[in-house]
Number of protein chains: 2
Amino acid sequence: MALIVQKYGGTSVGSTERIKNVARRIAKWKAQGHSLVVVLSAMSGETNRLIALAKEIQETPNPRELDVIVSTGEQVTIGLLAMALQEIGLEAKSYCGWQVKLTTDSAHGKARISSIDDEAMRADLDAGRVVIVAGFQGVDENGAITTLGRGGSDTSAVALAAALKADECQIYTDVDGVYTTDPRVEPEARRLKTITFEEMIELASLGSKVLQIRSVEFAGKYKVRLRVLSSFEEEGEGTLITFEEDESMEQAVVAGIAFDRNEARINVKGVPDRPGIAYQILGPVADANIEVDMIIQNVGDHGATDFSFTVPRGEYNKALSILRDVQTHIGAAKVEGDDKVAKISIVGVGMRSHCGIASTMFRTLAEEGINIQLISTSEIKVSVLVDEKYLELAVRVLHKAFGLNQKISA
Amino acid sequence: MALIVQKYGGTSVGSTERIKNVARRIAKWKAQGHSLVVVLSAMSGETNRLIALAKEIQETPNPRELDVIVSTGEQVTIGLLAMALQEIGLEAKSYCGWQVKLTTDSAHGKARISSIDDEAMRADLDAGRVVIVAGFQGVDENGAITTLGRGGSDTSAVALAAALKADECQIYTDVDGVYTTDPRVEPEARRLKTITFEEMIELASLGSKVLQIRSVEFAGKYKVRLRVLSSFEEEGEGTLITFEEDESMEQAVVAGIAFDRNEARINVKGVPDRPGIAYQILGPVADANIEVDMIIQNVGDHGATDFSFTVPRGEYNKALSILRDVQTHIGAAKVEGDDKVAKISIVGVGMRSHCGIASTMFRTLAEEGINIQLISTSEIKVSVLVDEKYLELAVRVLHKAFGLNQKISA
């Protein structure tokens with residue numbers, strides 16, 4: 001008899017038929033005696049349709065008014081699900097963000113949640129009703145509608161779970177959990193039964209787009225038990241996202257392998273080694289709104305240094321031309337780059353206590369003749385940049401080298 | 001420098017192009033120094049689309065949840081108009097019903113307005129902003145979204161005008177005002193510059209569907225100056241709906257001629273004349289949810305009476321079969337009817353002080369050989385039921401007989 005918050009994404013509620021399926025799934029949980037709060041996204045495609053409509057009026061839509069418009073998508077699905085539940089004999093009640101006082105700051109389009117009033121929801125739950133809440137939306141102190149940004153429904157669900165002290169927050173999506181790597185690249189990739197928050201954050205930011213990263217951070221902060229499940233499979237327990245502290249003993253050294261094809265490398269060589277030089281190089285790039293990912297600075301010869309970083313592939317030419325201007329300005333020897341590169345990362349909290357993980361990675365790649373262009377490390381992650389053509393091979397050999405093929409995940 | 005509430009219907013905001021046109025029209029009023037509050041309907045077709053979606057889930061959608069869903073239509077248009085105004089350099093801010101605390105009872109789908117909080121709107125108006133409010137929707141005491149029923153945006157506009165003590169409430173629609181009769185039947189029908197509230201109510205209920213009747217009643221109650229205008233014409237002052245008290249001296253005797261083809265007549269003859277007989281006849285009809293319009297009881301012979309009434313044509317057969325059961329029960333001589341009839345009404349507040357209006361109507365029809373089947377009168381209206389085939393002829397000769405062709409309306 002747990003209190004469970006469930007979140008269903010746009011694909012799961014993409015048609016009235018699918019909404020009826022969600023209702024049947026909820027009925028099963030209810031039949032087991034659980035109390036349920038359900039958070040919904042808009043029907044898939046609806047948010048984009050609304051944004052397109054707004055752009056017909058204003059090229060850059062006013063953020064306050066855009067939130068008024070796009071928040072209607074979730075408002076439709078919550079009403080439809082409430083009806084679908086009533087239709088199969090369950091009492092249910094829908095709430096918009098403002099109706100549960102899901103209060104945020106006033107940063108329209110990317111608002112941050114500050115508080116939630118659980119009183120009305122509690123009363124409904126006590127009366128045996130399924131509570132349905134519109135994801136992605138809130139209300140600011142002035143009573144204006146706000147939205148939390150793309151994927152914000154995940155964050156809504158976690159925030160509601162935290163406010164209600166729910167036993168579990170279940171995120172239903174179109175994948176059945178978090179995998180050791182992308183199964184399209186490595187068919188032997190396996191679903192993880194558990195993963196730590198920290199690993200999840202690293203994997204999410206590296207391209208395993210199962211959960212919105214903010215929702216994972218939120219869950220970590222408020223210690224919300226979070227589970228990723230498939231909304232299209234009847235069985236399956238998905239992947240539980242745990243607190244490292246609880247279960248670190250059982251963790252595998254490497255939890256998974258992430259990769260990103262959307263990378264381009266830029267090298268600035270023979271840079272005079274003096275204070276402020278990194279800012280002089282990266283400042284103009286940041287000013288052009290180009291996001292920089294890996295940043296590496298090597299010691300060079302004769303008081304000069306080599307500076308490398310990666311940018312999204314689509315911004316490569318723009319970044320290169322900015323850097324050519326910078327080159328003259330700072331007196332660097334050379335600017336060059338490559339947009340046919342890929343980033344591969346091994347992630348695992350076990351790395352902290354295990355030596356030699358990085359060297360196993362480098363050896364494995366060397367044995368296949370894969371040259372490493374850049375290396376960047378964090379506490380629980382090692383990332384390397386390689387020639388794009390080696391991406392699949394590199395993922396497969398690393399997957400095997402770290403025992404992910406065989407491992408029964410913790 | 002007046003405070004004006006303007007309402008634009010679904011056709012007027014049916015596309016982003018049309019919304020831009022509305023913005024330009026508002027800009028003209030603003031340029032004249034007026035303060036503006038604008039009430040919008042959903043884009044035409046949108047409310048029906050949302051209802052259809054709900055009906056895919058529930059044949060009879062839950063009223064609370066249906067209101068959650070259908071109220072999104074207006075929420076989209078208010079955001080779009082705010083953007084369109086900003087795009088042409090005007091400051092504007094949108095409000096949902098709950099954001100101006102447009103409080104109603106909890107009768108979902110047909111809620112009645114009890115109060116409005118004008119504080120935020122006043123502040124915006126003082127700051128020179130155009131205030132945009134979603135029509136058709138409100139919020140009940142428990143914070144649930146309610147809607148006011150079809151055409152409820154007219155009522156929203158009048159209620160806002162009353163709350164803000166606006167100088168005028170302008171209803172923009174796809175006709176340019178109220179006519180002496182339907183121009184499709186009488187090409188010489190002319191637009192009335194003014195009409196009284198009472199006449200408007202009689203004309204509206206008789207089929208001149210320019211304004212939602214509730215909004216007219218509301219305007220009468222709160223003495224809101226109401227004007228109907230075309231949103232597709234640049235010029236034109238529409239029709240002003242006035243208070244009889246102000247301008248009764250100038251009123252024409254007959255303001256207009258309304259008609260209704262959707263009528264069927266039922267006669268119950270030889271009814272024993274005893275107390276309660278009307279209820280015994282009409283009770284079962286009401287129980288079957290059939291709306292009864294004209295009701296006439298004549299004195300008959302030998303302690304019996306004749307009883308006639310009209311019902312919507314689509315309910316004719318159902319009503320007839322109910323009455324055949326009733327006939328046996330009450331011991332009436334005969335039940336008969338006709339579903340090829342039409343109702344024609346002359347409406348005018350001047351009737352009160354002018355004798356002979358009804359007899360002019362009867363004589364005019366008699367001169368054309370048009371037989372009158374039923375007559376029903378109220379203080380400012382005379383209605384007759386005639387064979388449907390005479391409808392056009394009757395409207396035309398009456399239009400002429402009461403000087404509506406030539407008259408320069410008051």
Side-chain angles (χ1 to χ4, degrees), chain A residues 15-17 19-20 23 42-43 46 49-88 91-96 98-101 117 119-120 123 132 134 139 142-145, chain B residues 15-17 19-20 23 42-43 46 49-88 91-96 98-101 117 119-120 123 132 134 139 142-145:
Chain A
S15 66
T16 47
E17 266 324 302
I19 289 172
K20 289 178 190 173
M43 291 170 114
E46 181 64 6
R49 183 184 76 84
L50 292 166
I51 291 173
L53 207 55
K55 288 196 170 168
E56 282 178 34
I57 303 256
Q58 261 187 330
E59 217 172 309
T60 309
N62 176 285
R64 180 193 188 275
E65 301 300 337
L66 186 62
D67 279 356
V68 171
I69 293 170
V70 296
S71 61
T72 62
E74 284 73 19
Q75 194 170 325
V76 171
T77 48
I78 57 169
L80 292 175
L81 180 62
M83 290 179 186
L85 285 168
Q86 290 158 3
E87 196 63 14
I88 56 173
E91 273 201 80
K93 212 162 149 186
S94 76
Y95 290 93
C96 295
W98 60 269
Q99 289 175 313
V100 291
K101 298 189 185 63
D117 181 352
E119 198 186 313
I132 305 166
V139 62
N142 305 316
I145 295 171
Chain B
S15 66
T16 47
E17 265 325 302
I19 290 172
K20 289 178 189 172
M43 292 171 113
E46 181 64 5
R49 183 185 75 85
L50 292 165
I51 291 173
L53 207 55
K55 288 196 170 167
E56 281 176 34
I57 302 256
Q58 262 188 328
E59 217 173 308
T60 309
N62 176 284
R64 180 192 188 277
E65 301 301 337
L66 187 62
D67 279 356
V68 171
I69 294 169
V70 296
S71 61
T72 61
E74 285 73 18
Q75 195 170 325
V76 170
T77 48
I78 58 170
L80 293 175
L81 180 62
M83 290 180 186
L85 287 167
Q86 289 158 4
E87 197 63 13
I88 57 173
E91 273 201 82
K93 210 161 149 187
S94 76
Y95 290 93
C96 295
W98 60 269
Q99 289 175 314
V100 291
K101 298 188 186 62
D117 180 353
E119 197 186 314
I132 305 167
V139 62
N142 305 316
I145 296 171

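Each chain gets a letter, A, B and so on, in the order its sequence line appears, and its residues count up from 1.
Neither the backbone nor the side chain of B/Ala120 comes within contact range of chain A, judged by heavy atoms closer than 4.5 Å. B/Ile145 touches chain A through backbone and side chain together, each having a heavy atom under 4.5 Å away. Of the two parts of A/Leu81, neither the backbone nor the side chain holds a non-hydrogen atom closer than 4.5 Å to a non-hydrogen atom of chain B. Only the side chain of A/Gln99 comes within contact range of chain B, with at least one heavy atom under 4.5 Å from a heavy atom of that chain. Of the two parts of A/Ala92, only the backbone, made up of N, CA, C and O, holds a non-hydrogen atom closer than 4.5 Å to a non-hydrogen atom of chain B. Looking at A/Ile78, the atoms closer than 4.5 Å to chain B (heavy atoms on both sides) sit in the backbone and in the side chain alike. Interface remark: A/Val70 contributes no atoms to any contact with chain B (heavy atom separation under 4.5 Å).
Heavy atoms only, all atoms of each residue included: A/Glu65 and B/Lys93 are closest at OE2-CA, 3.7 Å. For A/Val68 against B/Ser94, the heavy-atom pair with the smallest separation is CG2-OG, 3.6 Å. Here the closest heavy-atom approach between residue B/Glu56 and residue A/Lys20 is recorded as O-NZ, 3.0 Å.
In this structure, the separation between CE on A/Met83 and CD on B/Glu59 is 13.0 Å, given to the nearest 0.5 Å.
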Do A/Glu87 and B/Asn62 pass the side chain to side chain contact (heavy atoms under 4.5 Å, CB included) test, and can you show the C-alpha distance, the side-chain angles, and the key distance before you say yes or no?
-> CA-CA 9 Å; A/Glu87 196 63 14; B/Asn62 176 284; over 6 Å; no
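Of all the listed residues (B/Leu53, B/Ile57, B/Leu50), the one sharing the greatest number of non-hydrogen pairs under 4.5 Å with chain A is B/Ile57.
Judged as a side chain to side chain donor-acceptor pair (under 3.5 Å), the pairs with a partner in residues 72-81 of chain A (not counting sequence neighbours) are, in order, A/Gln75-B/Ser71.
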